Amino acid sequence: MQISPSVRAVLVPDDNPMHPEFTCIYLVGAPGRQALTIDSGEAIDRYRWFLKGYLAAVEREEIAIAAITHHHADHSGNLKWAKEELGAQVAIPANGRPLLKGRIPRDVQALRDGDIIDLDGGVRVQVLATPGHSVDSLCYYIEEEGVLFTGDTLLGSSTTTVWDLASYRRTLRRLLELPNLRVICPGHGRIVRDPRERLQMYIDHRDMRERQILQVLEGGGALSSWDIMLQLYPDIDPRLRRAADNNVRAHLKQLAEEGRIREYPGIPRRPPSPRAIQRAEEHARQRDLLIAKARKLETQKRREELRRQENPPTAEWKEPPRYELIGTAADAAR
Ligand SMILES: [Zn+2]
């Protein structure tokens with residue numbers, strides 16, 4: 001999908017409840033020139049097929065630079081592959097390096113706030129450090145075309161999770177002030193055609209959550225973040241409860257730092273003993289063995305069934321029934 005003169009989007013269907021609808025990969029660059037990709041999906045074939053198919057469709061063999069918006073695995077899973085298979089230079093957030101261990105090639109370009117990526121054909125991509133969703137979140141901005149790439153800082157079809165709320169709110173206000181902003185290309189979900197309204201909505205949404213949390217606490221007594229989450233989201237999909245709890249916690253952290261609420265430290269559970277860990281590992285190993293064996297038996301069974309369809313029924317008969325015409329051939333014809 002063409003977004004602007006030098007930006008194309010690949011929207012890959014996604015069934016993760018955290019990423020409604022799509023995970024997006026972007027190809028940036030003047031037509032027929034060097035290309036930069038922004039995010040490249042999880043380390044599963046689906047994303048590689050889409051990326052390769054797309055490159056083939058635009059008649060490009062190579063990606064010059066594969067950049068990411070932050071270290072999370074659903075954005076950075078294919079970096080080594082992009083280097084090895086597509087010959088791309090990998091570009092990452094400078095402070096994301098320790099978080100990307102094992103997923104990046106040895107030599108990478110480290111990006112910092114204010115850096116400019118100059119592509120052939122005069123395409124200038126600004127790098128903005130936008131912490132909040134994660135400690136190393138970056139946004140990329142092509143001011144001439146008004147296109148902002150937000151990764152998970154702002155999503156197309158849902159709200160996002162935050163690592164540090166105070167930073168996140170600062171980031172949203174910074175993005176709202178970008179000159180010439182026309183379209184937001186998010187890491188997941190649909191392309192955002194009303195960027196300022198959406199950013200303002202996100203800011204308002206956070207303000208509203210904060211008010212709701214304070215309201216729940218006004219009921220009196222000390223509550224855990226989970227208690228508050230259950231009151232705020234009574235009908236939530238159970239698979240999203242942990243994410244919602246993290247959001248509530250992020251608000252509580254900010255409120256506590258601002259001295260608006262009091263925090264009673266919790267008591268962590270004692271970590272399991274080495275013996276218990278060993279037992280659990282042994283249990284998991286046994287289960288995996290059993291699963292592998294069951295799979296093998298299933299294949300075997302299917303093969304036997306197929307063989308029965310193809311082969312003569314010699315197992316049932318020593319001598320199968322035979323059939324012959326009664327009388328002469330001439331009688332039978334009459
Ligand atoms: Zn993320």
Side-chain angles (χ1 to χ4, degrees), residues 14-21 69-75 95-96 98-99 129-137 150-176 186-189 192 197-273 276-277 280:
D14 199 325
D15 45 17
N16 183 329
M18 294 287 290
H19 311 150
E21 304 185 298
T69 55
H70 62 300
H71 71 279
H72 289 165
D74 55 322
H75 297 255
N95 63 340
L99 303 163
T130 51
H133 167 71
S134 65
V135 62
D136 64 335
S137 286
T150 52
D152 287 352
T153 296
L154 189 136
L155 299 181
S157 312
S158 59
T159 55
T160 189
T161 56
V162 286
W163 150 81
D164 184 80
L165 192 60
S167 318
Y168 186 64
R169 288 166 128 178
R170 269 196 299 277
T171 282
L172 290 179
R173 284 195 292 272
R174 178 178 178 194
L175 295 179
L176 194 57
H188 308 279
V192 178
E197 288 81 350
R198 190 68 72 90
L199 283 164
Q200 190 61 54
M201 226 173 76
Y202 264 52
I203 293 169
D204 295 345
H205 179 79
R206 293 295 159 185
D207 293 348
M208 179 198 74
R209 277 276 175 267
E210 185 178 276
R211 277 198 306 277
Q212 286 178 330
I213 288 171
L214 289 169
Q215 257 165 27
V216 171
L217 287 173
E218 273 164 19
L223 299 175
S224 72
S225 62
W226 194 265
D227 296 333
I228 296 170
M229 181 277 293
L230 288 176
Q231 288 200 44
L232 292 188
Y233 308 81
D235 303 318
I236 193 170
D237 178 340
R239 292 175 298 175
L240 298 176
R241 285 192 303 194
R242 286 293 281 267
D245 181 53
N246 281 337
N247 271 335
V248 171
R249 238 195 264 226
H251 276 285
L252 293 171
K253 180 170 164 263
Q254 190 185 3
L255 287 168
E257 280 165 6
E258 291 169 0
R260 296 163 71 189
I261 60 173
R262 182 182 302 123
E263 178 180 354
Y264 299 99
I267 305 165
R269 249 179 229 295
R270 270 206 308 180
S273 70
I277 292 174

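Given the structure is predicted, the values throughout are model-derived calculations rather than measurements. The first residue of the sequence shown is numbered 1, and numbering continues consecutively from there. Below, all heavy atoms of this structure are taken into account, side chains as well, without hydrogens, waters or symmetry copies.
- Taken from CZ in Arg169 to CG in Asp164, the straight-line distance is 11.0 Å, to the nearest 0.5 Å.
- When every heavy atom of Pro272 is checked against every heavy atom of Ile277, the shortest pair comes out as O-CD1, 3.9 Å.
- Taking the side-chain hydrogen bond (donor to acceptor under 3.5 Å, both in side chains) definition, one finds that Arg173 meets it with nothing, sequence neighbours left out.
- With sequence neighbours excluded, no residue forms a side-chain hydrogen bond (donor to acceptor under 3.5 Å, both in side chains) with Asn247.
- Between Ile213 and Ile261 the shortest side-chain heavy-atom distance does not fall below 4.5 Å.
- Residues Arg209 and Val248 form no side-chain contact, since every pair of their non-hydrogen atoms from C-beta on lies 4.5 Å or further apart.
- Between Leu232 atom CG and Gln212 atom CD the span is 5.5 Å, to the nearest 0.5 Å.
- Salt-bridge formation is detected for the pair Glu257/Lys253: a Lys NZ or Arg NE/NH1/NH2 atom is positioned less than 4.0 Å from an Asp or Glu carboxylate oxygen.
- Between Asp245 and Arg249, at least one side-chain nitrogen of the basic residue sits less than 4.0 Å from a carboxylate oxygen of the acidic one, meeting the salt-bridge criterion.
- In plain terms, the two heavy atoms of Tyr168 and His133 that are nearest each other are CD1-N, 3.8 Å.
- When every heavy atom of Met229 is checked against every heavy atom of Ala244, the shortest pair comes out as CG-CB, 3.7 Å.
- Rounding to the nearest 0.5 Å places OG1 of Thr153 at 8.0 Å from CG of Leu172.
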